Amino acid sequence: MHALAASVAALALVTAPTLAVPAATKADPCAKFAGQAFVVPADALACLKSFPFNETLRQNVLSNIAGVFDFFTFEDFYLNSPPPFQESTTNIRADIARINRTHFETDFDFNKAVYDFTTQLNDGHTRWFPSCYTSFQNLLPAPMATLEENGVQNVFVVPDLLDFVPLVGTGFTDHFAQIGFNWQRLVGAKVLEIEGKDPYAYADLIASTQSGNYLDHGVRVNSVFSSYRISGTDFSQRFGDIAGPQFPNQDTLTVKLITVNSTRPETVEIPYLANYVGAPFTDQASLSVNLHWEANCAANDATNGQDLRTVLNNAKRATPKRARASIIDASQKNAVGLPGPFVPTAPPVDGSTGVIKSFILPDNKTGVMFVGSFEGDFNQFQADTVAAMQDFKTSGVSRLLIDLTNNGGGFVCLGQFLHQFLAGSQIGYPGFQSTSRANPLAQKILAADIALGNNNQITFYSPDNWAFLNDTQMPLTNNYNNPDVVLRTNGVADPTSQRFHDVCTPFSVPIPTTPQFNLKNVAIVSNGNCASTCAMFSTLMFERHQTKTAIFGGKPGEQVQYKGMAGNQVLEWVDLDDEIKTAGVKSDPLAPPDLLVNANMRHNWRTAWSFLNERVPIAYESELPQFRFPYTKDTYNNPQALWTFAASKLFD
Ligand SMILES: *[C@@H]1O[C@H](CO)[C@@H](O)[C@H](O)[C@H]1NC(C)=O
Ligand SMILES: *[C@@H]1O[C@H](CO)[C@@H](O)[C@H](O)[C@H]1NC(C)=O
Ligand SMILES: *[C@@H]1O[C@H](CO)[C@@H](O)[C@H](O)[C@H]1NC(C)=O
Ligand SMILES: *[C@@H]1O[C@H](CO)[C@@H](O)[C@H](O)[C@H]1NC(C)=O
Ligand SMILES: *[C@@H]1O[C@H](CO)[C@@H](O)[C@H](O)[C@H]1NC(C)=O
């Protein structure tokens with residue numbers, strides 16, 4: 001994420017036409033929308049498809065991603081993914097070879113093939129994001145939700161449509177007024193078919209082909225529907241992947257439905273409108289294809305890594321690098337607020353200005369912490385936790401509900417912090433055993449870091465990032481890849497690092513020795529879209545303390561795991577390249593080449609091993625929640641109503 005933000009900032013400063021710009025053939029298809037926030041999908045797609053296929057770029061991209069996959073800890077699991085995660089089974093090297101021999105007309109078609117292949121790995125940590133082609137998000141003025149009514153679940157157009165859609169902006173609603181499409185009459189409509197399929201079958205299809213991010217299919221089904229969340233530090237409502245797909249490659253969605261107040265089924269072609277979320281560029285007539293390419297497609301100063309031995313000054317080196325584990329959700333770029341009527345009305349307690357929003361429910365007994373992510377200000381997260389907990393205690397709150405809905409993860413150590421703060425320092429090490437792959441290049445990086453004396457201020461490979469299993473920090477000379485440990489997965493023997501612990505302590509606030517709340521009176525709610533650090537936190541609470549967990553939503557009759565993507569630390573391409581260059585091994589033939597295009601091949605760099613079964617990565621440990629509830633029209637977009645319902649079910 002920081003790489004993407006940095007690349008936008010860098011553009012303002014740098015004019016770097018590092019790449020020959022493909023010549024515009026006919027009339028310039030990008031000129032049409034320069035400077036506009038909304039554009040009809042066909043026009044957006046014409047712009048994206050205006051760049052011809054280029055074999056040099058294909059070889060550059062495929063060489064880069066093939067090299068990155070050498071570091072991907074779960075590669076061998078994909079050969080035969082264990083149940084219930086079989087859907088993700090694929091041979092990654094064969095997929096790369098297939099894309100290498102496929103005929104593509106345009107650079108977009110090639111990039112979309114790579115995007116789809118990595119998305120369908122269903123690991124939000126391991127994906128290809130070409131900035132050139134992720135510069136739009138299609139939006140449908142009819143987001144959908146699965147809701148129970150009178151004991152039966154169905155798919156509906158969201159009942160808060162009239163409050164929600166206008167929040168996208170007048171650029172969006174004016175378009176539909178102009179073309180005479182009355183989306184307002186679809187509010188709360190019962191959906192009978194989508195694209196000629198049963199709506200849940202269509203939800204399954206989108207979950208299988210477009211949602212990605214989570215190994216568990218059931219969790220992905222919840223991604224296709226609209227749901228509440230915290231985006232940044234604000235309450236937000238997510239469109240869901242049916243109404244908010246990544247690419248502007250669909251003009252309309254054909255939906256058979258019954259509107260409120262009617263009993264007559266009708267079929268409606270609902271038009272999409274594409275929202276431009278790429279880097280801004282202004283229309284300069286025939287120059288705009290070039291400007292679109294320069295703004296979004298060509299590699300810039302932030303695309304590839306640097307030798308941090310020479311780049312970072314002493315001030316920057318004062319703090320260690322911080323491990324992060326998170327997904328990238330395209331819908332964060334143009335996040336829409338949660339309509340006012342559904343924002344919690346209970347007064348917020350102290351420590352609620354950041355990513356955590358805490359409340360005391362009107363029963364005066366239940367404290368709620370809505371942990372929107374583990375991102376943001378590292379120290380403020382800890383201070384906010386202390387402040388909320390103190391406020392709960394002085395208010396006489398006796399039970400704690402933690403909402404992890406749509407929490408996309410963040411700093412690895414903040415997940416361990418929250419676990420230890422709740423359970424007390426008496427539990428000892430609050431994280432998981434971890435490993436990275438010890439492939440030949442990884443061995444060279446670590447050996448070089450040790451020889452150069454590189455430390456945790458400039459690299460993640462340096463031994464002082466980690467602790468032995470007795471929680472003593474490794475000395476700078478400890479080569480944890482020597483000897484390596486052979487891991488056998490699906491018949492493949494893979495050299496792996498020795499096991500180690502994270503070094504997260506001391507935290508910036510004091511940790512109580514014993515739990516603040518009896519852990520029997522702590523419960524978790526979410527929609528399963530709880531990724532990365534969030535998945536590690538919820539797994540720790542479940543595996544070590546049997547914390548009650550309730551999952552809402554999903555397809556009736558289909559399982560939903562309580563955690564989404566539970567890898568461990570993620571390296572963006574720029575991070576991995578920093579490691580390679582800072583260790584001085586970029587000239588090694590095994591090192592992936594710098595990207596010629598502005599893109600990111602991120603990967604899951606470390607495995608977290610299950611506490612219950614230290615032979616299984618927690619990502620592949622099937623763990624179902626103890627409680628499962630359908631959403632209703634009162635709870636799907638209304639956090640406080642959901643918490644009140646959950647408190648009545650989960651606490652005595
Ligand atoms: C393909 O891309 C390479 C690398 O940017 C560039 O040098 C070359 O001119 C491009 N080829 C064509 C035919 O545009
Ligand atoms: C793609 O295939 C060509 C022809 O077989 C081969 O030379 C090249 O190395 C392959 N590229 C990658 C990245 O595997
Ligand atoms: C349905 O009927 C009620 C009562 O007449 C009315 O208030 C409401 O606006 C109608 N809803 C729609 C979507 O037409
Ligand atoms: C909760 O506390 C408030 C403020 O002290 C009080 O007005 C209210 O009646 C209490 N509610 C319950 C259910 O006890
Ligand atoms: C912890 O383990 C390491 C590696 O086995 C060992 O060298 C070190 O002495 C141990 N430290 C303590 C305090 O036991």
Side-chain angles (χ1 to χ4, degrees), residues 16-26 48-72 75 91-111 113-114 117-118 128 130-133 141-145 147 149 156-166 176 181-191 255 257-266 268 270 289-290 292-300 303-304 341 441 573 589-599 601 603 633:
T18 50
L19 200 61
V21 176
T25 40
K26 306 183 202 91
L48 298 185
K49 286 193 168 231
S50 64
F51 306 109
F53 174 74
N54 180 317
E55 187 64 47
T56 307
L57 296 183
R58 163 157 69 181
Q59 291 311 313
N60 172 251
V61 168
L62 291 186
S63 304
N64 178 277
I65 72 171
V68 171
F69 273 115
D70 291 341
F71 292 82
F72 175 38
E75 177 172 3
N91 182 321
I92 288 170
R93 302 295 160 172
D95 287 320
I96 294 173
R98 167 178 56 80
I99 295 171
N100 193 15
R101 44 168 207 271
T102 302
H103 172 80
F104 297 106
E105 287 294 332
T106 69
D107 190 48
F108 170 80
D109 295 328
F110 162 66
N111 275 280
V114 180
F117 144 57
T118 59
W128 171 247
S131 302
C132 194
Y133 303 114
M144 297 180 194
L147 307 175
E149 205 179 40
F156 293 89
V157 173
V158 289
D160 71 348
L161 191 74
L162 302 181
D163 290 312
F164 178 52
V165 164
F176 295 105
F181 182 79
N182 182 352
W183 53 269
Q184 291 90 337
R185 62 185 284 275
L186 304 181
V187 58
K190 181 173 168 183
V191 175
V255 182
L257 48 74
I258 303 177
T259 58
V260 173
N261 296 346
S262 171
T263 50
R264 187 178 57 86
E266 57 176 309
V268 185
I270 310 176
V289 163
N290 297 20
H292 185 272
W293 185 268
E294 275 176 35
N296 291 291
C297 312
N300 62 47
T303 304
N304 298 296
L441 185 57
W573 158 245
L590 293 170
D594 278 12
L595 284 170
L596 298 174
V597 291
N598 180 10
M601 181 66 223
H603 78 286
K633 67 177 177 2

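Atoms within a ligand are numbered from 1 in the order they appear, just like the ligands themselves. Here the structure is a predicted model, which means the values were calculated and not measured. Here, residue 1 is the first one in the sequence, and each next residue gets the next number.
When the heavy-atom distances from atom 10 (C) of ligand 1 to Leu596, Asn54, Leu57 are ranked, the shortest goes to Asn54. Summarising the contacts of atom 14 (O) of ligand 2 with Asn100, Asn64, Ile99, the nearest heavy atom is found in Asn100.
Across Asp163 and Pro341, no two heavy atoms sit closer than the pair OD2-CG, 4.3 Å.
Using a 4.5 Å heavy-atom threshold, the side chains of Pro592 and Asp70 count as separate. Looking only at side-chain heavy atoms (C-beta outward), Pro593 and Asn60 come within less than 4.5 Å of each other.
Within the listing of ligand 2, atoms 13 (C) sit less than 4.0 angstrom from a heavy atom of Leu62.
One distance of note links CZ of Phe53 with CZ of Arg58; it measures 3.5 Å at 0.5 Å rounding.
Nearest protein heavy-atom contact of atom 11 (N) of ligand 2 is Gln59 OE1, 2.7 Å. Atom 4 (C) of ligand 3 has as its closest protein heavy atom Asn261 ND2, 4.5 Å.
Using cut-offs of 30° and 60° for the angle between ring planes, the Phe110 and Phe104 rings count as perpendicular.
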query: Does the salt bridge (charged side-chain N to carboxylate O under 4.0 Å, His left out) test come out yes or no for Glu105 and Lys49, once each step is laid out?
result: CA-CA 9 Å; Glu105 287 294 332; Lys49 286 193 168 231; over 6 Å; no

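Remark: atom 2 (O) of ligand 3 lies closer than 4.0 Å to at least one protein heavy atom.
At least one heavy atom of Ser63 sits closer than 4.0 Å to an atom of ligand 2.
Only the side chain of Val187 comes within 4.0 Å of ligand 3, counting heavy atoms alone; its backbone N, CA, C and O stay farther away.
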